[in-house]
Amino acid sequence: MTPDLFEAAPPPGLTYLPGFALADEAALIAAALDVAVRAPFRVMRTPGGKAMSAAMTNCGAAGWVSDARGYRYETRDPLTGAPWPAMPELFVKLAQAAAAGAGFAGFSPDVCLINRYEPGAKMALHQDRDEQDFSAPIVSVSLGLPAIFLWGGAKRTDKAVKLPLRSGDVVVWGGPARLNFHGVAPVCPGVHPLIGAARLNLTFRRAL
């Protein structure tokens with residue numbers, strides 16, 4: 001953890017691993033885009049009908065979806081009717097290594113959400129609470145354009161601190177911080193040499 005990136009001492013349960021995935025950056029981006037060929041990126045809607053800012057797809061045993069029926073995991077892609085693409089082995093190994101580096105040995109992710117942010121896209125403060133097992137951590141990998149990660153507290157009204165993330169950075173949280181609110185500030189315009197004007201975020205979870 002790098003304390004000077006926060007307004008105060010880093011909160012328990014959150015670990016920042018700068019550049020942890022940088023050596024695999026090109027391979028991770030290629031694998032994510034290959035998943036999107038078989039399960040295309042789509043803009044989902046909240047149960048209230050509002051379009052989300054970032055486009056999304058999934059790989060693994062299930063995929064996170066949102067529509068008028070609510071937030072949930074589905075074992076088949078509602079867009080194609082097919083099972084979600086298998087999680088690439090590179091993804092699994094990276095997620096496990098990052099989790100172990102953050103003190104969560106034995107992490108076995110079964111889902112990976114892939115968010116695609118274009119400039120201006122954001123993610124409002126929210127909790128990841130649709131999983132069955134809250135004892136497992138969340139592993140979040142940034143690729144492409146930089147972004148500002150917003151790290152809040154146990155309540156939506158808690159003040160969020162800001163953590164600048166660059167391509168290859170990884171953030172892991174769990175334990176007492178597993179249900180903390182978090183989000184992403186609007187992505188600034190730019191061009192990344194491997195993916196252009198976009199940011200990809202890989203979020204690994206134990207959902208089923």
Side-chain angles (χ1 to χ4, degrees), residues 1-11 14-37 39-46 48 50-59 64 66 71 91 94-95 98 102 112-128 138-153 156-173 177 180-205:
M1 185 75 69
T2 308
D4 60 357
L5 290 175
F6 295 87
E7 298 173 0
L14 177 68
T15 300
Y16 169 54
L17 302 172
F20 189 86
L22 193 56
D24 295 317
E25 178 188 41
L28 289 167
I29 290 174
L33 295 180
D34 181 63
V35 167
V37 170
F41 283 111
R42 77 290 307 263
V43 174
M44 297 188 188
R45 292 187 175 273
T46 67
K50 184 178 179 180
M52 295 184 173
S53 186
M56 180 183 295
T57 188
N58 299 271
C59 62
W64 186 87
S66 174
Y71 305 123
F91 281 18
L94 173 67
C112 176
L113 283 66
I114 307 174
N115 284 313
R116 185 181 190 277
Y117 296 80
E118 295 182 354
K122 61 183 180 180
M123 187 73 71
L125 288 174
H126 65 283
Q127 295 172 300
D128 293 342
I138 304 290
V139 176
S140 177
V141 181
S142 290
L143 299 166
L145 291 179
I148 301 295
F149 180 67
L150 305 174
W151 178 252
R156 189 184 298 274
T157 54
D158 290 341
K159 184 177 181 181
V161 295
K162 299 178 180 180
L163 173 60
L165 295 178
R166 293 179 174 81
S167 192
D169 289 352
V170 178
V171 178
V172 183
W173 65 93
N180 275 37
F181 281 86
H182 57 281
V184 177
V187 173
C188 294
V191 176
H192 184 271
L194 296 179
I195 198 172
R199 172 184 185 257
L200 295 179
N201 178 241
L202 314 179
T203 304
F204 298 93
R205 307 172 182 176

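No hydrogens, no waters, no symmetry mates; every other heavy atom, side chains included, goes into these values. Position 1 is the first residue of the sequence; numbering continues from there. What you see is a predicted model; the values in this text were computed from it and never measured.
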List, one per line, each side-chain donor-acceptor pair under 3.5 Å for residues 195-202, sequence neighbours excluded.
unit_1	atom_1	unit_2	atom_2	d
R199	NH2	S142	OG	2.7
N201	OD1	T203	OG1	2.9
N201	ND2	S140	OG	2.9
N201	ND2	V141	O	3.0

query: How far does CG of D169 sit from CG of L17, to the nearest 0.5 angstrom?
result: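 Separation between the atoms: 9.0 Å.
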Any heavy-atom pair between the side chains of [Y] and [X] that's under 4.5 Å?
| X | Y | result |
| --- | --- | --- |
| Y71 | T46 | yes |
| L22 | E25 | yes |
| L94 | F20 | yes |

Quick check: closest heavy atoms across [X] and [Y], and the distance to 0.1 Å?
| X | Y | answer |
| --- | --- | --- |
| W64 | M52 | CH2-CE, 3.6 Å |
| L143 | G168 | CD2-N, 4.4 Å |
| A121 | S53 | CA-OG, 3.0 Å |
| A160 | L150 | CB-CB, 4.3 Å |
| F41 | L33 | CE1-CD2, 4.5 Å |
| V172 | A98 | CG2-O, 3.9 Å |

Of all residues at least two apart in sequence or in a different chain, which pass the side chain to side chain contact (heavy atoms under 4.5 Å, CB included) check with [X]?
| X | answer |
| --- | --- |
| R45 | A51 |
| A39 | R42, T57, D77, W84, P85 |
| E118 | R116 |

message: I'd like to know whether L163 forms a side chain to side chain contact (heavy atoms under 4.5 Å, CB included) with W151, so could you lay out the CA-CA distance, the side-chain angles of the two residues, the decisive distance to 0.1 Å, and finally the verdict.
response: CA-CA 8 Å; L163 173 60; W151 178 252; over 6 Å; no
query: Are F149 and W173 near enough that their ring centres are under 6.0 Å apart?
result: yes
Results of salt bridge (Lys or Arg N to Asp or Glu O under 4.0 Å) for D34 - residues two or more places apart only: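 Partners of D34 under the salt bridge (Lys or Arg N to Asp or Glu O under 4.0 Å) test: R38.
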Going by atom type alone, with no hydrogens or angles, which donor-acceptor pairs under 3.5 Å involve a side-chain atom of residues 182-191 and a protein atom two or more places apart or on another chain?
unit_1	atom_1	unit_2	atom_2	d
H182	ND1	H126	O	3.3
H182	ND1	N180	O	3.1
H182	NE2	H126	NE2	3.3
H182	NE2	D128	OD2	3.3

